[in-house]
Amino acid sequence: MSTGSGRSDASCLIHNFGAVLILVIGAACSTQPAPGNAPLGSPTGAGAASDDLSPQTLAAGRDVFRFDTFGDEQFWTDTARMHEVVQKSVSPAKALSVGLKVDADAIPADVAAAIKAGKVDLNDPATTVTLLKLNAVVGLRGVISTVNGKDNLTRLGITCALCHSTVDDSFSKGIGHRKDGWPNRDLNVGAIIALSPAITPAQKAVYNSWGPGKYDPRFNIDGKSTPLVLPPAYGLAHVANETYTAEGPISYWNAYVAVTQMHGHGSFSDPRLGINIRQTPDMVGPKLASLRAYQHSIEAPPAPGGSFDSDASLRGRVVFNQNCITCHVGANNTDNNSGVLHTPSETGQDAAYALRTANKAYRTTPLRGLWQHAPYFHDGSAATLEEVVAHYNNFRRLNLSVAQQRDLVQYLKSL
């Protein structure tokens with residue numbers, strides 16, 4: 001039973017305002033096939049993890065996760081011209097409406113008081129520029145120049161946190177304390193990209209078709225569109241592969257996204273996909289270790305008290321152990337830690353995305369924090385855990401009673 005962040009995890013770095021933004025704007029970040037005589041070798045970031053979990057390393061990794069653009073301003077500013085869009089037409093109200101989040105801890109007390117008193121115009125793009133100047137917009141970094149007392153946004157970049165952090169809404173909807181590792185399922189990546197003046201009407205149509213919380217990390221590679229739900233980036237410390245299709249560990253995916261999706265200035269190679277991008281200086285590779293360490297330190301959020309029926313959950317665990325444990329094995333509930341993959345036909349899932357990947361199959365997704373990140377499956381085709389259970393009950397002919405299905409749902413909510 002693959003739920004979790006979908007049938008597999010496309011984990012962090014795993015995208016943002018672009019971390020995820022797989023724009024196909026010309027050949028701005030071309031994916032160059034490896035030369036025909038190039039040795040196969042290992043994909044970038046595919047080595048075994050050996051984390052240094054010292055406070056210094058974790059602090060460095062957190063800064064990379066939250067604030068490092070890997071030099072991607074060259075794309076989002078010089079090519080996509082998103083700084084022009086934000087400066088002219090993206091007010092805080094509009095930004096919040098497409099799922100962008102604001103870090104309340106970065107807002108000075110007097111500004112926060114003015115916002116609460118209604119003295120700040122949240123429909124004015126100039127206010128967004130001010131928030132960027134305060135480094136308060138989660139996942140976005142802006143460079144501001146002040147001329148004759150007016151702030152101007154001159155450079156704009158994105159970070160991992162855009163898609164894989166949210167806030168607790170403690171100040172107001174979309175404004176609060178950061179919650180790193182939580183997928184931003186409110187974020188409408190496609191709608192944001194579609195604002196760029198550098199893309200064609202045909203591209204805009206594709207981006208606008210994705211909807212909130214979804215993103216296709218291969219659209220600019222093969223021109224196809226089968227968007228995935230943004231997965232959580234927590235609870236990954238003992239997970240062997242972070243992508244839905246298990247191409248590699250988290251540093252592999254971090255490097256892939258940073259270079260091919262965020263358009264950071266670095267290098268990424270995967271001979272299996274015919275990708276070989278070389279850029280100097282490499283502003284990605286030296287940061288992968290600390291970034292991974294920080295991500296591995298983010299624990300899955302426990303289910304809130306009262307969010308599930310504890311008695312039913314105990315019964316549901318028995319049902320789970322009788323019917324789901326062959327794939328969802330071990331402490332992380334995945335057989336992929338032993339290298340197992342499943343063809344789409346084994347799980348009744350749409351094969352379209354898998355066929356675009358190196359392994360052509362899906363991994364069993366680790367189950368953690370399921371209460372927090374609906375919808376489920378890699379494409380979000382199950383809106384609720386009830387739908388997940390019903391799918392597998394029917395597809396695998398489990399013959400679970402209605403009561404057993406209810407109990408199993410309660411157990412999944414407890415994970």
Side-chain angles (χ1 to χ4, degrees), residues 1-10 182-183 185 213-214 228-232 234-236 238-241 244-246 299-351 353-354 361-415:
M1 177 178 313
S2 247
T3 62
S5 26
R7 303 160 205 138
S8 324
D9 239 289
W182 291 47
R185 295 285 172 83
K214 291 187 177 183
L228 310 176
V229 292
L230 300 176
Y234 50 57
L236 300 177
H238 303 291
V239 175
N241 297 297
Y244 289 111
T245 47
E299 297 183 357
S307 64
F308 63 94
D309 183 321
S310 57
D311 291 335
S313 173
L314 291 175
R315 297 192 299 269
R317 182 174 184 174
V318 175
V319 176
F320 182 89
N321 289 341
Q322 292 173 340
N323 296 276
C324 312
I325 202 69
T326 54
C327 295
H328 291 286
V329 300
N332 290 289
N333 288 308
T334 177
D335 54 12
N336 185 244
N337 276 7
S338 300
V340 179
L341 289 171
H342 300 275
T343 63
S345 62
E346 289 181 64
T347 56
Q349 302 297 343
D350 191 316
Y353 180 73
Y362 295 114
R363 72 163 189 177
T364 296
T365 296
L367 305 182
R368 72 271 194 241
L370 299 185
W371 62 274
Q372 187 270 320
H373 60 81
Y376 305 96
F377 298 143
H378 73 285
D379 54 4
S381 54
T384 65
L385 289 171
E386 285 80 1
E387 290 183 19
V388 170
V389 170
H391 168 81
Y392 283 110
N393 188 48
N394 295 330
F395 182 78
R396 300 190 67 84
R397 297 182 175 88
L398 301 178
N399 297 317
L400 300 180
S401 68
V402 171
Q404 287 175 313
Q405 291 182 62
R406 283 199 300 263
D407 291 345
L408 181 53
V409 167
Q410 293 305 308
Y411 174 66
L412 296 175
K413 287 182 177 181
S414 75
L415 297 177

Using atom types as modelled and distance alone, determine if a side-chain donor or acceptor of N393 lies under 3.5 Å from a backbone N or O of V389. no
Is it the case that D379 and S381 place a side-chain donor and acceptor less than 3.5 Å from each other? yes
Under 3.5 Å, is there a donor on one side chain and an acceptor on the other for H342 and D335? yes
For the residue pair A303 and F308, what are the closest heavy atoms and their distance? CB-CE2, 3.8 Å
Mind checking the SG-CG spacing from C324 to N333? Nearest 0.5 Å is all I need. 9.5 Å
Do Q372 and P304 have side-chain heavy atoms sitting under 4.5 Å apart? no
Heavy atoms, side chains only, cut-off 4.5 Å: are L367 and L412 in contact? yes
Taking all non-hydrogen atoms of both residues, which atom of Q410 and which atom of D309 are closest, and how far apart? OE1-N, 2.8 Å
Counting C-beta onward and ignoring hydrogens, is there a side-chain heavy-atom pair between V229 and K214 closer than 4.5 Å? yes
Using 30° and 60° as the class limits, which term best fits the ring planes of F320 and Y411: parallel, tilted or perpendicular? tilted
Indicate the atoms forming the closest heavy-atom contact of N337 with A240, along with that distance. OD1-N, 2.8 Å
Give me the atom names and distance for the closest heavy-atom approach of Y362 to P344. CE1-CG, 3.8 Å
For the pair T334 and T365, evaluate side-chain contact (heavy atoms from CB on, under 4.5 Å) and give the outcome as yes or no after the intermediate values. CA-CA 6 Å; T334 177; T365 296; over 6 Å; no
Least distance between heavy atoms, T245 atom then A354 atom: CG2-CA, 4.2 Å
Going through the checks in order, is the side-chain contact (heavy atoms from CB on, under 4.5 Å) test met by L370 and V388? CA-CA 11 Å; L370 299 185; V388 170; over 6 Å; no
E346 atom CD: more than 12 heavy-atom contacts under 6.0 Å: yes
Apply side-chain contact (heavy atoms from CB on, under 4.5 Å) to residues Y392 and T347 and explain how you reach the verdict. CA-CA 8 Å; Y392 283 110; T347 56; 4.0 Å; yes
Could you go step by step and tell me if Y376 and E387 meet the side-chain contact (heavy atoms from CB on, under 4.5 Å) rule? CA-CA 9 Å; Y376 305 96; E387 290 183 19; over 6 Å; no
For R406, what residues pass the salt bridge (Lys or Arg N to Asp or Glu O under 4.0 Å) criterion, not counting sequence neighbours? none
Rounded to the nearest 0.5 angstrom, the CG-CZ distance for N323 and R396 is 9.5 Å
Heavy-atom check, side chain of P366 versus side chain of H238, under 4.5 Å: no
Locate the shortest heavy-atom distance separating P231 from R185; write the atom from each residue and the value. CA-NH2, 4.0 Å
